[in-house]
Amino acid sequence: MHLKLVSFDLCPFVQRSVITLRYKQVDFDIEYIDLENPPGWFLEISPLGKVPLLIVDGETVLFESAVINEFVDDITPPRLQQDDPLARALDRGWVEYGSQCIMDQYGLMVASDAQAFEEAHHRVLAQLARLEQKLGDGPWFNGAHFSLVDSTCAPLLMRYAILNRRHRLFDDDDYPRLHRWWQALAELDAVRGSVPADFEDRLIAYLRRRGGYGPELFAGQA
Ligand SMILES: N[C@@H](CCC(=O)N[C@@H](CS)C(=O)NCC(=O)O)C(=O)O
């Protein structure tokens, strides 16, 4: 089966599919597009105009990262979804939660003024606190077994590690389980290789191009 992922280099949703594919050591091609100027062929095949897409055998187009990840999991070992339907449904909920966290993280990064930033900051800290509360002894979200919740949340935690270094958002000591979770994820080849080596520079360059209150907080200092 031939798999091609249609991608954008800074997209956290693409990254979660990349992590899933890499974790499972699945061969795939990747094609980057410019999301600010998307090619016609992409708009034609992407129902929501969003990346990622997974093109299967050159003809079937899967969209939505969570769906792509479940498909990849269904066709390749090791199994990352839980066998028990209730546990699997719960994981789906947390994958959805991770999506909302990613969107709110983006809202924080690009906040246009101090008030919008403060509101977003408040919201994301509450989100992180809920994740902290949900996490157990680790190393993974569900304990000993790596799951799609882990591949889903790694891009979120990677960005917080970068953002927090550039502008203090929270103290890692206040979120010890979250911190330990990120440290375990950051050790994985699947996560480390899921973005280009100069990812932080690219993210900062993007924020500088965008400008505004949030971007200046994170991208202002070298
Ligand atoms: N729910 C989607 C979200 C994907 C998404 O928002 N991708 C962004 C880039 S990070 C995108 O393609 N945006 C283009 C647009 O909204 O026009 C998923 O999980 O795949």
Side-chain angles (χ1 to χ4, degrees), residues 3-24 26 28-56 60-74 80-81 88-89 91-112 120 123-124 127 131 141 147-163 185 190-191 194-196 198-210 212 214-215 218-219:
L3 302 176
K4 183 164 93 174
L5 195 67
V6 182
S7 169
F8 171 66
D9 61 353
L10 293 176
C11 176
F13 296 98
V14 169
Q15 194 189 348
R16 28 197 229 180
S17 292
V18 171
I19 292 169
T20 306
L21 286 156
R22 287 177 58 94
Y23 187 87
K24 305 195 87 178
V26 177
F28 65 101
D29 291 332
I30 191 156
E31 177 162 356
Y32 293 95
I33 61 159
D34 176 3
L35 261 187
E36 280 163 36
N37 192 15
W41 65 262
F42 167 74
L43 295 176
E44 196 133 315
I45 62 170
S46 177
L48 297 169
K50 293 181 179 181
V51 290
L53 298 178
L54 187 72
I55 306 181
V56 182
T60 307
V61 178
L62 296 181
F63 59 105
E64 287 296 318
S65 59
V67 173
I68 291 170
N69 287 359
E70 287 189 14
F71 171 72
V72 169
D73 193 40
D74 285 343
L80 302 182
Q81 294 167 90
R88 203 163 61 243
D91 277 0
R92 282 205 181 107
W94 287 105
V95 164
E96 188 56 34
Y97 186 83
S99 296
Q100 187 58 50
C101 290
I102 283 176
M103 294 198 290
D104 288 336
Q105 180 183 61
Y106 183 74
L108 174 80
M109 275 194 292
V110 303
S112 54
R123 192 161 45 245
V124 303
Q127 280 170 345
L131 274 179
F141 186 78
S147 74
L148 294 181
V149 184
D150 298 291
S151 59
T152 289
C153 290
L156 175 84
L157 301 179
M158 179 184 279
R159 281 160 185 73
Y160 274 132
I162 293 172
L163 298 175
L185 286 164
V191 173
S194 64
V195 288
D198 61 348
F199 174 73
E200 180 165 345
D201 293 343
R202 290 185 195 210
L203 181 65
I204 297 310
Y206 168 79
L207 290 174
R208 289 210 173 112
R209 272 198 311 278
R210 239 192 111 96
F218 296 117

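Counting starts at 1 for both ligands and their atoms, following the listed order.
- Judged purely by distance below 3.5 Å, without hydrogens or angles, the side chains of Gln15 and Arg159 pair a donor atom with an acceptor atom.
- Close approach of ligand 1 to Pro52 (heavy-atom distance below 4.0 Å) involves ligand atoms 20 (O).
- Distance from atom 16 (O) of ligand 1 to its nearest protein heavy atom, with residue and atom name: Lys50 CE, 3.5 Å.
- Considering backbone and side-chain atoms together, Glu64 places an N or O closer than 3.5 Å to an N or O of ligand 1.
- For the side-chain contact (heavy atoms from CB on, under 4.5 Å) criterion with Val6, the lone passing option out of Val14, Leu54, Leu53 is Leu53.
- Among all protein heavy atoms, the one lying closest to atom 20 (O) of ligand 1 is Ser65 N, 2.9 Å.
- At the shortest separation from atom 10 (S) of ligand 1 among protein heavy atoms lies Cys11 SG, 2.6 Å.
- Asp104 and Gln127 are linked by a side-chain donor-acceptor pair at a separation below 3.5 angstrom, with hydrogens and angles left out of the test.
- The shortest N or O to N or O distance between Ala66 and ligand 1 is not under 3.5 Å.
- In terms of modelled atom types and a separation under 3.5 Å, the side chain of Asp29 and the main chain of Lys4 share no donor-acceptor contact.
- A salt bridge links Arg92 with Glu70: the closest approach of a Lys/Arg side-chain nitrogen to an acidic carboxylate oxygen falls below 4.0 angstrom.
- Between the side chains of Arg16 and Ser151, not a single donor N or O lies within less than 3.5 Å of an accepting N or O.
- Here the heavy atom of the protein found nearest to atom 14 (C) of ligand 1 is Gly49 O, 3.7 Å.
- Between the side chain of Asp150 and the backbone N or O of Ser147, at least one donor-acceptor pair lies under 3.5 Å.
- Neither the backbone nor the side chain of Leu10 comes within contact range of ligand 1; no heavy atom lies under 4.0 Å.
- In terms of polar-atom proximity, defined here as any N/O pair under 3.5 Å, Ser99 makes no such contact with ligand 1.
- Looking from atom 12 (O) of ligand 1 to the surrounding protein, the closest heavy atom is Val51 N, 2.9 Å.
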